[in-house]
Number of protein chains: 2
Amino acid sequence: MKTKEHKIPEATIKRLSTYVNYLGRLGTDSNPVISSEILGESCQVSPAQIRKDLSYFGEFGVRGVGYDTKKLEAEIKDILGINHNWPTTVVGVGKLGQALLNFDFFRNHGFRIITAFDSDPNKIGTEAANGVTIQSISNIEKCVREEKISIGIITTPVAAAQDVTDKLVDGGIKGILNFAPIKVKVPETVTLRNVSITSELDNLAYLLTQKKR
Amino acid sequence: MKTKEHKIPEATIKRLSTYVNYLGRLGTDSNPVISSEILGESCQVSPAQIRKDLSYFGEFGVRGVGYDTKKLEAEIKDILGINHNWPTTVVGVGKLGQALLNFDFFRNHGFRIITAFDSDPNKIGTEAANGVTIQSISNIEKCVREEKISIGIITTPVAAAQDVTDKLVDGGIKGILNFAPIKVKVPETVTLRNVSITSELDNLAYLLTQKKR
DNA sequence: GTTATGCTGTGATAGTTATCACATTGTTGC
DNA sequence: GCAACAATGTGATAACTATCACAGCATAAC
Ligand SMILES: NC(=O)c1ccc[n+]([C@@H]2O[C@H](COP(=O)([O-])OP(=O)(O)OC[C@H]3O[C@@H](n4cnc5c(N)ncnc54)[C@H](O)[C@@H]3O)[C@@H](O)[C@H]2O)c1
Ligand SMILES: NC(=O)c1ccc[n+]([C@@H]2O[C@H](COP(=O)([O-])OP(=O)(O)OC[C@H]3O[C@@H](n4cnc5c(N)ncnc54)[C@H](O)[C@@H]3O)[C@@H](O)[C@H]2O)c1
């Protein structure tokens, strides 16, 4: 994989994630090769956009033929860094945290949720998902450090989000995916992404409101 | 509200959603007025960006002073169309669907989840959340039409996503928020947004991988 | 071989979005 | 009333992203 010096558009990364997803489903034995046109149809992205996205990272296809489906899938997984399992933890095992913990897809897709934390005494010690026992939030720093956990997923209420963020950071976490609707602060060494389900709905409401006019 | 002719950047809408969120929390009686600088600090957006975002829709502030916190909150809710309750339904009451059904925030924020549908006979007839009973998926088209449901949230497995989409469309749904990792097809009259939690994690993995190099 | 064919890879271009600097205008103090 | 001030609103500019058209290259046909 050649990583060119260019800064890569965030939209490109998002699309690469989509491509991987579809390649995994489209790649059958009877379908060993795929063109940017066919992949684009599934992903609802223009063929040129797909080729441009890939061109940031190197040359993966064969001119006149297309892309080896399995090989391209592997290459994109390399690019995204989901070709190995990131040790991951879920903090806040409420409704949303539970859904994520039970979402098997992550397991086969580059992430391994190995621990879960909560502050509720009634939850501590119970099993959250296959093989993951909920631990006390007071252990989190030590545990993140000892188990070399790379990624923390925050699904606590807003009020607790900054506090658990700080604890994760103190434990040496590398990246955080935050579902609480607040912009938590992290040092520059830690990578942060916020997921806002609410704003997706808001956006839908906006589009519907526009259409009415 | 003056809506200027310009096309509004999608990023602007996403930020407006953030602004509303913070305004709701920042607006206290002791804090009736807020400047773009202070709001920007909370939201981690530059003051100029906030002013530009708002300027697409009109003039909401007072020069030399700032914005009336409560009034600005209401104005943005108007713009986004979350100033009334959109009748909403959740299709597929699994782990994720349940989390959304129990997420009270939506209720006070422009959306009212009034029905839920599933295909699992063991779930049909049980209560999914406060006051919402799970109905059979076979009733969905009729129900969407009769209860004038505007928004459908899809949280079924991939295999069922296109099918339930079609049923929602047939019932006259206006907008769909799709959590299944597949690009479902809808007619132009229906507004669609896809939420990809997986791609957020992939993006985080990518950033972490970059940082290591 | 040579030519025709087809799909990739990419430079050039158009379109979109963010940033900046400052003109504008309401407020406060004297 | 007038000057000094403070924060908004916005045109101009820079940065970024997507689209397009076609050159480049492997393959297939003969
Ligand atoms: N449920 C949704 O559909 C949804 C959607 C979008 C965003 N969110 C956000 O995700 C977060 C979680 O939502 P939820 O519906 O799962 O809430 P929830 O109340 O069901 O779960 C929160 C969990 O966090 C635990 N917790 C509280 N303080 C803690 C602390 N200091 N340390 C560790 N754990 C702590 C609680 O014990 C509870 O188990 C919230 O911030 C919410 O705004 C939820
Ligand atoms: N759980 C997560 O954290 C998560 C994260 C991202 C995306 N997703 C996506 O969200 C969707 C739901 O995930 P989940 O974890 O809640 O799955 P789940 O298996 O817990 O729930 C799926 C539900 O859909 C119902 N269902 C199946 N076919 C149906 C049909 N034809 N009509 C109506 N209902 C039907 C099932 O009975 C079940 O209750 C999946 O597509 C998944 O990929 C889930």
Side-chain angles (χ1 to χ4, degrees), chain A residues 1-19 23 26 31-69 71-73 75-76 79 199 203 206-207 210, chain B residues 1-19 23 26 31-69 71-73 75-76 79 199 203 206:
Chain A
M1 183 178 101
K2 289 175 284 181
T3 305
K4 298 184 184 175
E5 293 309 312
H6 262 269
K7 206 196 134 285
I8 314 296
E10 177 162 328
T12 290
I13 304 301
K14 192 166 188 177
R15 284 190 297 267
L16 287 178
S17 175
T18 307
Y19 304 158
L23 287 169
L26 292 171
N31 237 358
V33 168
I34 194 168
S35 68
S36 59
E37 187 170 343
I38 298 297
L39 180 58
E41 238 164 68
S42 299
C43 300
Q44 293 179 39
V45 172
S46 77
Q49 182 73 76
I50 293 180
R51 297 199 298 273
K52 178 62 109 182
D53 286 340
L54 294 174
S55 79
Y56 288 123
F57 300 96
E59 306 190 2
F60 306 107
V62 178
R63 293 175 191 220
V65 179
Y67 302 91
D68 181 309
T69 315
K71 222 172 84 189
L72 183 59
E73 186 188 354
E75 294 274 17
I76 299 180
I79 294 169
S199 88
N203 208 316
Y206 170 74
L207 293 172
Q210 284 310 99
Chain B
M1 180 180 105
K2 289 176 285 182
T3 304
K4 298 185 182 173
E5 294 308 314
H6 261 269
K7 204 194 137 281
I8 314 295
E10 176 163 328
T12 290
I13 304 303
K14 193 166 187 177
R15 283 189 298 266
L16 288 178
S17 175
T18 307
Y19 304 158
L23 287 168
L26 292 171
N31 236 359
V33 169
I34 194 167
S35 67
S36 58
E37 188 170 341
I38 299 295
L39 181 58
E41 238 164 68
S42 299
C43 300
Q44 292 178 40
V45 171
S46 77
Q49 181 73 75
I50 292 179
R51 297 199 299 275
K52 177 62 109 182
D53 286 340
L54 294 173
S55 79
Y56 288 123
F57 300 97
E59 306 190 3
F60 306 107
V62 180
R63 293 176 192 222
V65 179
Y67 303 91
D68 181 308
T69 314
K71 222 172 83 188
L72 183 58
E73 187 188 352
E75 293 275 17
I76 299 181
I79 294 169
S199 88
N203 209 316
Y206 170 74

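Lettering follows sequence order; numbering is per chain, from 1. All figures in this text were calculated on a predicted structure; none of them were measured in a lab.
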Looking at A/Thr18 and A/Cys43, would you say the former's side chain and the latter's main chain have a donor-acceptor pair under 3.5 Å?
no

For B/Thr69 and B/Pro32, indicate whether the former's side chain and the latter's backbone hold a donor-acceptor pair under 3.5 Å.
yes

B/Ser36 side-chain N/O to D/dT8 phosphate OP1/OP2 under 4.0 Å:
yes

So, is B/Arg51 near the phosphate of D/dT8, with a side-chain N or O under 4.0 Å from OP1 or OP2?
yes

Take the protein atom [atom1] of [X] and the nucleotide atom [atom2] of [N], then report the distance between them rounded to whole Å.
X       : N      : atom1 : atom2 : value
A/Glu37 : D/dT19 : CD    : P     : 15 Å
A/Leu72 : C/dT8  : CG    : P     : 10 Å
A/Phe60 : C/dT10 : CZ    : P     : 10 Å
B/Ile34 : D/dA6  : CD1   : C1'   : 16 Å
A/Leu39 : C/dT8  : CG    : C1'   : 13 Å
A/Glu75 : C/dG9  : CD    : P     : 11 Å
A/Ile50 : C/dG9  : CD1   : P     : 12 Å

Single hit among B/Ile34, B/Leu26, B/Val45 for side chain to side chain contact (heavy atoms under 4.5 Å, CB included) with B/Tyr19:
B/Val45

Apply the test side chain to side chain contact (heavy atoms under 4.5 Å, CB included) to residues B/Leu23 and B/Tyr67: give CA-CA distance (whole Å), side-chain angles for both, the deciding distance (0.1 Å), then the verdict.
CA-CA 10 Å; B/Leu23 287 168; B/Tyr67 303 91; over 6 Å; no

Just the table, please: protein N/O against nucleotides 2-5 of chain D N/O, every pair under 3.5 Å.
none

Are side-chain heavy atoms of B/Ile8 and A/Tyr206 found at a separation under 4.5 Å?
yes

Taking C-beta and beyond as the side chain, do B/Leu16 and B/Phe57 meet within less than 4.5 Å on heavy atoms?
yes

Walk me through whether A/Val62 and A/Val33 qualify under side chain to side chain contact (heavy atoms under 4.5 Å, CB included).
CA-CA 10 Å; A/Val62 178; A/Val33 168; over 6 Å; no

Nearest 0.5 angstrom please: [X] [atom1] to [Y] [atom2], how far?
X        : Y       : atom1 : atom2 : result
A/Phe60  : A/Ser55 : CZ    : OG    : 9.5 Å
B/Arg51  : B/Ser35 : CZ    : OG    : 9.5 Å
A/Asn203 : B/Lys14 : CG    : NZ    : 8.5 Å
A/Gln44  : A/Gln49 : CD    : CD    : 14.0 Å

Enumerate the protein-to-nucleotides 13-19 of chain C contacts in which both atoms are nitrogen or oxygen and the separation is below 3.5 Å.
residue: C/dA18; atom: OP1; partner: B/Arg15; partner atom: NH1; Å: 3.1
residue: C/dA18; atom: OP2; partner: B/Arg15; partner atom: NH2; Å: 3.1
residue: C/dT19; atom: OP2; partner: B/Gln49; partner atom: OE1; Å: 3.2

For DNA chain C, which residues of residues 61-69 of chain A approach it to below 4.0 angstrom with any heavy atom?
A/Gly61, A/Val62, A/Arg63, A/Gly64, A/Val65, A/Gly66, A/Tyr67

